[in-house]
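Let me begin by presenting the structure, written as structure tokens, before commenting on it.
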Number of protein chains: 2
Amino acid sequence: MVLDVRTPVELTSDFRSRGLKVTPQRQLLFRLLYGNMTHPTAEALFAQASELMPGISLRTVYQTLNDLAALGELQVLHPSSGSTRFDPNVDDHHHARCRTCGELHDVYVDRVQDLAMRGPVGFVAERANIVFDGVCADCQVG
Amino acid sequence: MVLDVRTPVELTSDFRSRGLKVTPQRQLLFRLLYGNMTHPTAEALFAQASELMPGISLRTVYQTLNDLAALGELQVLHPSSGSTRFDPNVDDHHHARCRTCGELHDVYVDRVQDLAMRGPVGFVAERANIVFDGVCADCQVG
DNA sequence: TGTTAATTCGCACATAATGCAGATCAGCAT
DNA sequence: ATGCTGATCTGCATTATGTGCGAATTAACA
Ligand SMILES: [Mn+2]
Ligand SMILES: [Mn+2]
Ligand SMILES: [Zn+2]
Ligand SMILES: [Zn+2]
């Protein structure tokens with residue numbers, strides 16, 4: 001299983017090929033997202049970006065994240081508490097959320113489509129998103 | 001399968017037994033929630049309530065919903081878009097969200113715990129919440 | 001009926017995210 | 001290399017959703 005993520009170089013040509021410009025701000029965010037497994041918030045990325053590029057605007061961070069999401073290069077996660085999180089891993093995967101530390105971890109689930117669901121008549125499900133709530137290893141009380 | 005919901009009368013004694021008072025505002029909300037399958041927002045309940053009790057405060061609606069959630073008599077749902085929704089059905093159930101009309105429908109899923117998950121080492125999952133994204137019957141193009 | 005702590009309500013405040021517009025700049029044509 | 005032009009950036013205002021607070025009110029009980 002190879003993670004379904006784009007390198008900054010790939011994102012650069014992706015943006016250019018659609019008439020979007022590639023600015024230093026965007027290149028920085030491409031780099032901060034690449035390989036990022038933390039499911040960061042916009043604020044967290046803004047804080048990181050600000051250290052490397054003082055003066056970058058939070059507005060620009062949001063703008064770029066929205067652009068990436070529109071291109072399908074970023075999953076947008078709405079956890080049950082806290083602000084929106086962004087996931088550069090656009091694999092078909094799910095998440096485990098620790099109710100102690102709040103962190104999100106990737107989870108791969110097999111045969112999700114085999115789930116026997118009794119639901120609304122005529123509803124055509126295109127995808128299932130699963131969030132496992134529990135306690136992560138670090139937060140287990142000894 | 002009987003829905004795991006409390007009647008207004010049951011909620012009344014539930015509140016009183018914990019030292020919470022039962023006001024006309026709360027009784028109205030108990031009634032508006034009973035059997036309500038729409039997964040309403042606070043604003044939607046406020047609008048309904050306002051017709052029957054002009055002058056009721058949105059603040060009071062939030063207060064009562066939070067109290068019910070604290071008692072475990074209401075599930076709080078954070079859909080991927082839009083504001084918080086409240087679910088008087090506290091069964092172990094899941095949801096199907098129509099990407100056209102945005103409505104949430106109840107879904108019952110068997111053997112969720114049989115899902116083979118490859119996830120973070122040591123994570124102890126207590127519950128899985130599944131959201132099926134798709135298109136509901138009403139929104140299918142003929 | 002009186003007491004008292006819980007509740008209601010209106011308003012201020014908080015937080016997350018978007019709308020807007022002038023200054024700036026990336027990408028392209030020349 | 002230079003200039004053009006629409007996309008972008010930034011700061012600020014604004015929206016959307018919800019919470020904090022406190023004076024006035026009221027449910028529950030003695
Ligand atoms: Mn992920
Ligand atoms: Mn439900
Ligand atoms: Zn944890
Ligand atoms: Zn629909």
Side-chain angles (χ1 to χ4, degrees), chain A residues 8-9 11-30 32 39-47 49-71 74-87 102 104, chain B residues 8-9 11-30 32 39-47 49-50 52-71 74-86 102 104:
Chain A
V9 168
L11 291 176
T12 293
S13 49
D14 204 351
F15 265 53
R16 288 221 178 91
S17 70
R18 294 169 199 250
L20 299 176
K21 295 178 176 177
V22 176
T23 64
Q25 290 88 345
R26 287 178 172 179
Q27 294 179 61
L28 173 56
L29 286 164
F30 294 170
L32 292 179
H39 304 91
T41 62
E43 288 282 354
L45 288 165
F46 173 62
S50 294
E51 293 185 3
L52 298 162
M53 185 184 286
I56 189 174
S57 161
L58 175 60
R59 192 68 186 77
T60 297
V61 174
Y62 274 109
Q63 178 65 51
T64 299
L65 293 171
N66 288 342
D67 289 343
L68 283 164
L71 295 183
L74 205 55
Q75 273 194 54
V76 181
L77 306 176
H78 300 268
S80 47
S81 68
S83 36
T84 302
R85 290 172 172 274
F86 298 89
D87 192 347
L104 288 178
Chain B
V9 167
L11 291 176
T12 292
S13 49
D14 203 352
F15 265 52
R16 287 220 178 93
S17 72
R18 293 169 200 251
L20 299 176
K21 294 179 179 177
V22 177
T23 63
Q25 291 89 343
R26 287 178 171 178
Q27 294 180 60
L28 172 56
L29 286 164
F30 294 169
L32 292 179
H39 304 91
T41 63
E43 288 282 356
L45 287 165
F46 173 61
S50 295
L52 298 162
M53 186 184 284
I56 189 174
S57 163
L58 176 59
R59 190 68 186 80
T60 298
V61 174
Y62 274 110
Q63 178 66 49
T64 299
L65 293 172
N66 288 342
D67 289 343
L68 282 165
L71 296 184
L74 205 56
Q75 273 194 55
V76 181
L77 306 176
H78 301 268
S80 47
S81 67
S83 36
T84 302
R85 290 173 173 274
F86 297 90
L104 288 178

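Of the side-chain N and O atoms in A:Arg26, one or more sit less than 4.0 angstrom from OP1 or OP2 of D:dC9. In terms of phosphate contacts, A:Thr84 brings a side-chain nitrogen or oxygen within less than 4.0 Å of OP1 or OP2 of C:dA17. Put simply, B:Gln63 has no side-chain N or O that comes within less than 4.0 Å of OP1 or OP2 on D:dT19. OP1 or OP2 of C:dT7 has not a single side-chain nitrogen or oxygen of B:Arg59 nearer than 4.0 Å. Considering only side-chain N and O atoms, A:Ser57 lies nowhere under 4.0 angstrom from the phosphate OP1 or OP2 of D:dC9. Within the 4.0 Å cut-off from OP1 or OP2 of C:dT15, not a single side-chain nitrogen or oxygen of A:Ser83 is found.
Nucleotide D:dA7 holds its P atom 12 Å from the CG atom of A:Asp67, rounded to whole Å. Separating the NE2 atom of B:His78 from the P atom of C:dA17 is a distance of 14 Å, rounded to the nearest angstrom. Atom OH in A:Tyr62 sits roughly 16 Å away from atom C1' in D:dG11 (whole-Å rounding). The nearest whole Å value for the distance from the CE atom in A:Met53 to the P atom in C:dC25 is 12 Å. Summarising the geometry, the separation between CD on A:Gln25 and C1' on C:dA26 is reported as 11 Å, rounded to the nearest angstrom. One can place CZ of B:Phe46 at 16 Å from C1' of D:dT19, the figure rounded to the nearest angstrom. Atom NZ of A:Lys21 and atom P of C:dA23 are 17 Å apart (whole Å). Separating the CZ atom of A:Phe15 from the P atom of C:dC28 is a distance of 15 Å, rounded to the nearest angstrom.
Remark: side-chain polar atoms of A:Ser17 are paired, donor with acceptor, to backbone N or O of A:Asp14 under 3.5 angstrom.
The residue A:Ile56 sits close only to the backbone: its heavy atoms come under 4.0 Å of sugar-phosphate atoms, none of a base. Contacts of A:Leu20 with the nucleic acid, taken as non-hydrogen atoms under 4.0 Å apart, involve only primed sugar atoms and P, OP1 or OP2.
Along DNA chain D, the nucleotide nearest A:Val22 and the nucleotide nearest B:Thr23 are compared for position; the residue whose nucleotide lies closer to the 5' end is A:Val22.
Minimum heavy-atom separation, A:Leu58 to A:Ala42: CD1-O, 4.2 Å.
Note: B:Arg85 CZ to B:Leu104 CG = 5.5 Å, rounded to the nearest 0.5 Å. A distance of 9.0 Å separates CD of A:Glu43 from OG of A:Ser50, quoted to the nearest 0.5 Å.
Using a 4.5 Å heavy-atom cutoff, the side chains of B:Phe30 and B:Phe15 are in contact.
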